[in-house]
Participant: 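Next up is a structure, given as structure tokens.
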Amino acid sequence: MAESVELAAARVVDRFERRWSWVVAGVIAVVLAVMVYSGLHWTAMSPASVETIDASRLHLSGEFVESNLGTEIRPDRTAVVRLIAQQYSFVPSCIVLPAGTPVKIRVTSPDVVHGFLVTGTNVNTMVIPGYVAEVRTRFDAAADHLMPCHEYCSVGHEGMWARVKVLERAEFDRLHGQQPRASCAGQ
Ligand code: CUA
């Protein structure tokens with residue numbers, strides 16, 4: 001009789017193992033389906049917000065001429081920051097912003113692929129020549145942040161970084177008044 005108890009136990013174990021192997025197979029099938037679907041979906045429909053720009057003419061005309069770089073305060077008091085990421089610096093190398101304000105950061109590259117992040121925030125993107133990278137954010141508190149390049153862009157990569165100075169709105173207004181442009185100069 002002892003043998004049939006063992007046999008019954010084995011049958012139960014067998015049934016559970018079968019059941020769980022179907023669960024595992026189901027999970028794998030779902031993951032594979034998601035991979036195939038999203039791969040095909042994003043191949044067929046590339047992101048709509050891709051914005052192109054002629055990387056060879058940035059300094060000659062258009063949005064990224066030197067006089068238009070840095071922080072711009074719009075009439076609605078939001079900020080737009082424009083930067084060029086190039087081997088091996090950001091232009092300008094320091095930007096100043098008011099806290100608690102919607103900020104749009106627009107960056108492009110004239111040479112190779114760069115990237116940037118702003119320490120202590122989730123601002124993080126790649127910068128590809130021929131495209132404009134745009135990040136929207138808001139800095140809640142006054143602080144100094146570093147903004148390093150995080151895509152290896154050749155021998156000077158480690159030295160490629162900028163500073164982001166966030167000031168309280170009142171302090172920012174005191175320093176920059178109602179001017180539409182703000183820079184780190186003299187701070
Ligand atoms: Cu630019 Cu690394």
Side-chain angles (χ1 to χ4, degrees), residues 35 38-39 41-43 45-74 78-168 171-172 175-176 179-187:
M35 284 166 67
S38 56
H41 177 81
W42 290 113
T43 305
M45 292 194 282
S46 52
S49 61
V50 169
E51 191 181 338
T52 58
I53 191 165
D54 183 348
S56 66
R57 301 185 57 81
L58 298 180
H59 59 298
L60 297 176
S61 63
E63 183 182 350
F64 290 90
V65 293
E66 192 167 1
S67 59
N68 203 38
L69 299 178
T71 303
E72 177 191 355
I73 302 296
R74 309 279 289 270
T78 64
V80 180
V81 178
R82 295 184 185 85
L83 292 157
I84 287 185
Q86 62 186 22
Q87 290 170 316
Y88 299 99
S89 62
F90 291 95
V91 183
S93 62
C94 176
I95 55 178
V96 62
L97 285 165
T101 298
V103 177
K104 196 158 75 176
I105 304 175
R106 289 169 61 75
V107 189
T108 192
S109 162
D111 44 41
V112 301
V113 175
H114 301 274
F116 69 89
L117 57 81
V118 177
T119 53
T121 73
N122 65 355
V123 172
N124 185 333
T125 189
M126 285 173 78
V127 182
I128 302 168
Y131 297 87
V132 178
E134 182 174 301
V135 181
R136 286 159 196 262
T137 188
R138 171 198 293 262
F139 297 92
D140 289 328
D144 285 349
H145 302 272
L146 288 179
M147 194 180 107
C149 175
H150 65 45
E151 283 291 330
Y152 181 74
C153 51
S154 192
V155 291
H157 164 70
E158 308 76 29
M160 181 171 173
W161 54 275
R163 285 187 302 144
V164 179
K165 291 171 73 79
V166 181
L167 305 177
E168 292 298 347
E171 172 77 350
F172 183 90
L175 287 167
H176 301 286
Q179 297 161 19
R181 301 213 153 259
S183 78
C184 295
Q187 285 175 44

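Read the numbers this way: they start at 1 and go in the same order the structure lists the ligands and their atoms. The chain is numbered in sequence order, starting from 1.
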Participant: State the OH-CD1 distance between Tyr131 and Ile53, to the nearest 0.5 angstrom.
Facilitator: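 Result: 12.5 Å between the selected atoms.
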
Participant: Taking both backbone and side chain into account, is any N, O or S atom of Gln86 nearer than 2.8 Å to atom 1 (Cu) of ligand 1?
Facilitator: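 No, since none of the N, O or S atoms of Gln86 sits under 2.8 Å from atom 1 (Cu) of ligand 1.
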
Participant: To the nearest 0.5 angstrom, please state how far the CZ atom of Arg82 sits from the CG atom of Leu69.
Facilitator: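 If I round to the nearest 0.5 Å, the distance is 8.5 Å.
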
Participant: Does Arg138 use its side chain to pair, donor to acceptor, with the backbone of Gly100 at less than 3.5 Å?
Facilitator: yes

Participant: Out of the N/O/S atoms in Glu151, what is the name of the one closest to atom 2 (Cu) of ligand 1?
Facilitator: O

Participant: Using atom 1 (Cu) of ligand 1 as the vertex, how large is the angle between SG of Cys153 and SG of Cys149, rounded to 10 degrees?
Facilitator: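 Result: 120°, to 10°.
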
Participant: Do any of the N/O/S atoms of Glu158, backbone or side chain, fall under 2.8 Å from atom 2 (Cu) of ligand 1?
Facilitator: no

Participant: What's the atom name of the N, O or S in His114 nearest to atom 1 (Cu) of ligand 1?
Facilitator: ND1

Participant: Could you check whether any side-chain N or O of His150 sits under 3.5 Å from a backbone N or O of Phe116, counting only pairs where one atom can act as donor and the other as acceptor?
Facilitator: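 Yes: the side chain of His150 pairs with the backbone of Phe116.
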
Participant: Looking at His157, which of its N, O or S atoms is the nearest one to atom 2 (Cu) of ligand 1?
Facilitator: ND1

Participant: Inspect the surroundings of CZ in Arg57 and state if more than 12 heavy atoms from other residues, nucleotides or ligands are less than 6.0 Å away.
Facilitator: no

